[in-house]
Amino acid sequence: MAYGTIKSDALVYDNSGTDVTISLSTLPTAAQVAAKGDAFLGTAQTFTKAQRGDIIDVTGTSPQIDLNAGNNFRFTTSGDWGSNFSLANLASAAEGQTGSIFIVYGGAHTGGFPTTMKFVGGAAGIGALSSASTKIDRIDYIVLNSTTVTCTITKDYVA
């Protein structure tokens, strides 16, 4: 193995039979990269552009929401669900994670929630879900710990 310095103005690499030349003078220096201020974990950030996350679609009569897949989720009830649905326990809940769960009603359906989801006033505090076609209920959540996901529900949005 050889050690040393190579002096070059450009790099050439083979891109499936076509040579591609990269001028080294156009590459940023380490100081330029550091000065750019890209986001770093463990550092307070000020974003100057909008930040957004995908809305993950979940399906089934007992939708399993995997919090490792995203922060925002949507499931739409439909005729083949029967008359109700039940949210399963939230998988992979990490302390401090926040997001929203949208329930989009494709018909008149009722629903239930796991005991890990804590609502103001308990189950009675949830009240009746919108449960009518074209209505949307939104649950905003913050994970307190692996067994407690604090939730606020806003109901009766019109699609």
Side-chain angles (χ1 to χ4, degrees), residues 13 15-16 18 20 22 26-159:
Y13 69 92
N15 186 15
S16 300
T18 304
V20 177
I22 300 173
T26 63
L27 298 177
T29 65
Q32 289 169 324
V33 171
K36 186 177 178 190
D38 289 339
F40 294 97
L41 296 176
T43 303
Q45 306 295 314
T46 301
F47 293 100
T48 58
K49 301 289 182 186
Q51 307 299 306
R52 50 187 74 74
D54 288 337
I55 296 178
I56 308 298
D57 285 307
V58 293
T59 59
T61 55
S62 293
Q64 181 70 36
I65 294 176
D66 180 358
L67 295 181
N68 278 328
N71 294 71
N72 303 307
F73 302 88
R74 167 183 47 220
F75 66 94
T76 303
T77 67
S78 63
D80 52 334
W81 276 33
S83 62
N84 57 48
F85 63 89
S86 177
L87 263 180
N89 278 328
L90 300 177
S92 309
E95 288 184 15
Q97 182 168 340
T98 63
S100 296
I101 300 167
F102 298 91
I103 304 169
V104 181
Y105 294 94
H109 300 97
T110 59
F113 303 98
T115 57
T116 53
M117 295 178 76
K118 310 296 184 187
F119 294 88
V120 173
I126 298 170
L129 297 173
S130 295
S131 184
S133 189
T134 75
K135 297 290 185 164
I136 300 171
D137 290 342
R138 186 182 88 210
I139 301 168
D140 296 318
Y141 69 88
I142 301 175
V143 178
L144 180 63
N145 57 46
S146 63
T147 61
T148 304
V149 180
T150 61
C151 300
T152 303
I153 188 165
T154 307
K155 299 182 281 189
D156 225 14
Y157 289 96
V158 178

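- Minimum interatomic distance between S100 and D140 (heavy atoms only, all atoms of both residues): OG-OD1, 2.5 Å.
- Here salt bridge (charged side-chain N to carboxylate O under 4.0 Å, His left out) pairs that include residues 115-126, with residues two or more places apart or in two chains, number zero.
- Residue pairs meeting the ring pair (Phe, Tyr, Trp, His ring centres under 6.0 Å) criterion with at least one member in residues 116-159, sequence neighbours excluded: F113-F119.
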Run the numbers on L129 and I153 for side-chain contact (heavy atoms from CB on, under 4.5 Å), then give the verdict. CA-CA 9 Å; L129 297 173; I153 188 165; 3.7 Å; yes
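- Crowding of I142 atom CD1: a count of heavy atoms from other residues, nucleotides or ligands under 6.0 Å not exceeding 12.
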Give the intermediate values and the outcome of side-chain contact (heavy atoms from CB on, under 4.5 Å) for residues M117 and I126. CA-CA 11 Å; M117 295 178 76; I126 298 170; over 6 Å; no
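- For residues 93-113, the set of pairs meeting the salt bridge (charged side-chain N to carboxylate O under 4.0 Å, His left out) definition, not counting sequence neighbours, is empty.
- Of the possible donor and acceptor atoms, one in the side chain of N71 sits under 3.5 Å from a partner among the backbone N and O of T98.
- Taking D57 as the reference, R74 meet the side-chain contact (heavy atoms from CB on, under 4.5 Å) condition, with sequence neighbours excluded.
- For the atom pair NE2 of H109 and OG of S133, the computed distance is 9.0 Å after rounding to the nearest 0.5 Å.
- Minimum heavy-atom separation, D66 to F73: O-CZ, 3.5 Å.
- Taking S131 as the reference, nothing meets the side chain to side chain donor-acceptor pair (under 3.5 Å) condition, with sequence neighbours excluded.
- Residues passing the side chain to side chain donor-acceptor pair (under 3.5 Å) test with T150: none are found, sequence neighbours excluded.
- Counting only distance, with no hydrogens or angles, the side chain of D54 and the backbone of I56 share no donor-acceptor pair below 3.5 Å.
- Counting all heavy atoms, side chain and backbone alike, A128 lies closest to K155 at O-NZ, 3.0 Å.
- Within the 4.5 Å cutoff, no side-chain heavy atoms of I139 are placed close to those of D137.
- Across every non-hydrogen atom of T76 and G106, the tightest pair is CG2-N, 4.4 Å.
- Taking the side chain to side chain donor-acceptor pair (under 3.5 Å) definition, one finds that S146 meets it with nothing, sequence neighbours left out.
- When all heavy atoms of A132 and Y105 are compared, the pair lying nearest together is O-CB, 3.2 Å.
- Closest approach of F75 and V58 over heavy atoms only: CB-O, 3.1 Å.
- Contacts of V158 classified as side-chain contact (heavy atoms from CB on, under 4.5 Å), with partners at least two apart in sequence or in another chain: K135.
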